Number of protein chains: 2
Amino acid sequence: MALKLRKTKAPPQIPHCPLTECMSLLGGAWTPNVVWYLSGGPRRFGELRADIPAISAKVLSARLRRLVAKGVIAREVMPTSPPSVEYSLTVLGEELVPAIKAIVSVGERLKRRHATYP
Amino acid sequence: MALKLRKTKAPPQIPHCPLTECMSLLGGAWTPNVVWYLSGGPRRFGELRADIPAISAKVLSARLRRLVAKGVIAREVMPTSPPSVEYSLTVLGEELVPAIKAIVSVGERLKRRHATYP
DNA sequence: CTGTATCCAAACCGATACTG
DNA sequence: CAGTATCGGTTTGGATACAG
């Protein structure tokens with residue numbers, strides 16, 4: 001098959017909602033993790049797979065493609081003998097990092113108190 | 001049917017990852033919105049439906065139940081003549097707010113930067 | 001090494017109808 | 001008012017195999 005024809009169905013979102021707007025960039029189970037690991041510097045496909053062991057190649061590939069399409073990350077093919085590809089955050093992608101940092105810090109606090117909620 | 005038996009299958013997550021840990025609380029398209037609107041104070045079921053017009057009763061109900069089960073929100077039945085129910089953030093839920101705030105503020109900057117929407 | 005194709009299971013969502 | 005039941009459709013994600 002040449003190219004999957006996108007359905008372009010209206011997404012179930014609140015119009016003009018910044019929260020939904022931003023979540024659409026982070027949508028998908030592993031997307032925040034990908035951005036998070038990329039925030040430490042450029043990474044290759046295989047490195048990201050090692051960073052996030054539970055992710056499948058298919059999903060990682062899909063997330064990467066979507067993030068590139070949205071302008072969150074950049075994809076650069078390195079002309080090495082075994083061809084390698086480097087992904088890195090764009091300026092737009094860097095803007096997402098503080099939000100993810102906030103999520104991580106909440107997650108850490110959640111784990112520390114993990115025993116208590118009703 | 002009496003009670004849906006939960007499958008309790010191991011979720012596709014990285015163990016001990018604070019980011020995934022926190023994202024599991026926010027899973028589902030409308031969850032962040034629910035928490036966000038609740039951060040303004042306690043709300044009733046119908047009020048939340050009005051806040052998020054595109055959400056269906058079924059999904060709102062499901063999200064609410066899950067958030068209660070996870071300890072993010074509290075559910076209190078008010079003994080009024082037409083019975084009403086109030087939902088509010090727990091202490092754990094309040095901890096999520098800064099993260100969502102960060103996401104919202106990124107979303108706002110994203111919109112200003114693109115400036116492509118009416 | 002860097003992906004894509006295919007199959008399949010689960011989660012998600014909306015509309016409608018119905019209960020307490 | 002505050003949900004739940006059910007049906008149907010869409011989306012997501014994982015496993016495996018395979019291609020450039």
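Just so you know, these numbers use all the heavy atoms, side chains as well, and skip hydrogens, waters and symmetry mates. Lettering of chains follows the sequences in order, A, B, ..., and the numbering in each one begins at 1. Remember, it's a predicted structure, so these values are computed and weren't measured experimentally.
- When the P atom of D/dA19 is taken as reference, atom CZ of A/Phe45 falls 17 Å away, rounded to whole Å.
- Between B/Leu26 atom CG and C/dC12 atom P the separation is 13 Å, expressed in whole Å.
- Residue B/Arg44 places no side-chain N or O under 4.0 Å from the OP1 or OP2 atom of D/dC1.
- One can place CE of A/Met23 at 13 Å from P of D/dT12, the figure rounded to the nearest angstrom.
- Looking only at side-chain heavy atoms (C-beta outward), A/Ile103 and A/Pro32 stay at 4.5 Å or farther from each other.
- Residue pairs meeting the side chain to side chain donor-acceptor pair (under 3.5 Å) criterion with at least one partner in residues 85-106 of chain A, sequence neighbours excluded, are A/Arg75-A/Tyr87, A/Glu95-B/Arg113.
- Residue B/Leu67 contributes atom CG, which lies 15 Å from atom C1' of C/dC12 at whole-angstrom precision.
- Using a 4.0 Å heavy-atom distance criterion, B/Ser56 is classed as a base contact.
- Within the 4.0 angstrom heavy-atom criterion, no nucleotide atom of any strand lies near B/Gly27.
- Side chain of A/Ser61 to main chain of A/Ala57: no donor-acceptor pair is present (N/O by atom type, distance under 3.5 Å, no hydrogens or angles).
- Closest approach to the B/Ala29 side chain among C/dC13, D/dA2, C/dG3 is made by C/dC13 (side chain taken as heavy atoms from C-beta onward).
- Closest to the side chain of B/Val59, from the set C/dC12, C/dG3, C/dG14, is C/dG14.
- Residue B/Arg43 has no polar side-chain atom (N or O) positioned under 4.0 Å from OP1 or OP2 of D/dA2.
- No engagement by B/Pro82 is indicated, since no non-hydrogen atom pair under 4.0 Å with the nucleic acid exists.
- Distance A/Glu47 CD to C/dT2 C1': 13 Å, rounded to the nearest Å.
- In this structure, B/Arg65 reaches the sugar-phosphate backbone alone: every heavy-atom distance under 4.0 Å involves primed, P, OP1 or OP2 atoms, never a base.
- Atom CD1 of B/Ile100 and atom CG of B/Leu26 lie 5.5 Å apart (nearest 0.5 Å).
- If you measure from atom CD1 of B/Ile55 to atom P of D/dT4, you get 13 Å, rounded to the nearest angstrom.
- In terms of phosphate contacts, B/Arg75 brings no side-chain nitrogen or oxygen within less than 4.0 Å of OP1 or OP2 of D/dA2.
- In this entry the distance linking CG of B/Leu60 with P of D/dA5 reads 16 Å, nearest Å.
- The nearest heavy atom of DNA chain C to A/Lys58 and to A/Tyr87 marks one nucleotide each, and the one closer to the 5' end goes with A/Tyr87.
- Residue order along DNA chain D, read from the 5' end via each residue's closest nucleotide, puts B/Leu64 first among B/Leu64 and A/Arg66.
- Taking atom CH2 of residue B/Trp30 and atom P of nucleotide C/dC13, one finds them 8 Å apart after rounding to whole Å.
- The main-chain N or O of B/Leu60 is never found under 3.5 Å from a side-chain atom of B/Arg49 such that the two would form a donor-acceptor pair.
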